[in-house]
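Scroll down for the structure; my scribbles are underneath it.
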Amino acid sequence: DRIVNGDVQLVINTPFGRETRSDGYHIRTAAIQHGVSNITTMAAAQASVAAIEVIRRGDMGVVALQDFGEGSGQ
């Protein structure tokens, strides 16, 4: 209901076990139908939180993809 009402901007749902599959299906379906971002793994949740923190601090910069090669130190 909170997703449908627009009260949710991001869903992090990492289901565990058979009982949670039905709930997870309904949560993911509602999120998709209402344009809410949906994260389903802990790795993706951690990466998303790190990205949000960088954006909030204003530390985001631009780096060329080529700069991530061998010997770049990054």
inquiry  = To check you understand the geometry: which heavy-atom pair defines the closest contact between Arg28 and Thr40, and what is its length?
reply    = CD-CG2, 3.9 Å
Determine all donor-acceptor pairs shorter than 3.5 Å in which one atom belongs to a side chain in residues 43-61; sequence neighbours excluded.
residue : atom : partner : partner atom : Å
Ser48   : OG   : Ala44   : O            : 2.8
Arg57   : NE   : Asp59   : OD2          : 2.7

remark   = Rounded to the nearest 0.5 Å, the NE2 atom of His26 sits from the CD1 atom of Ile3 at a distance of 12.0 Å
Let me have the donor-acceptor pairs involving side chains of residues 5-13, under 3.5 Å, with sequence neighbours excluded, atom names and distances please.
residue : atom : partner : partner atom : Å
Asn5    : ND2  : Asp1    : O            : 3.1

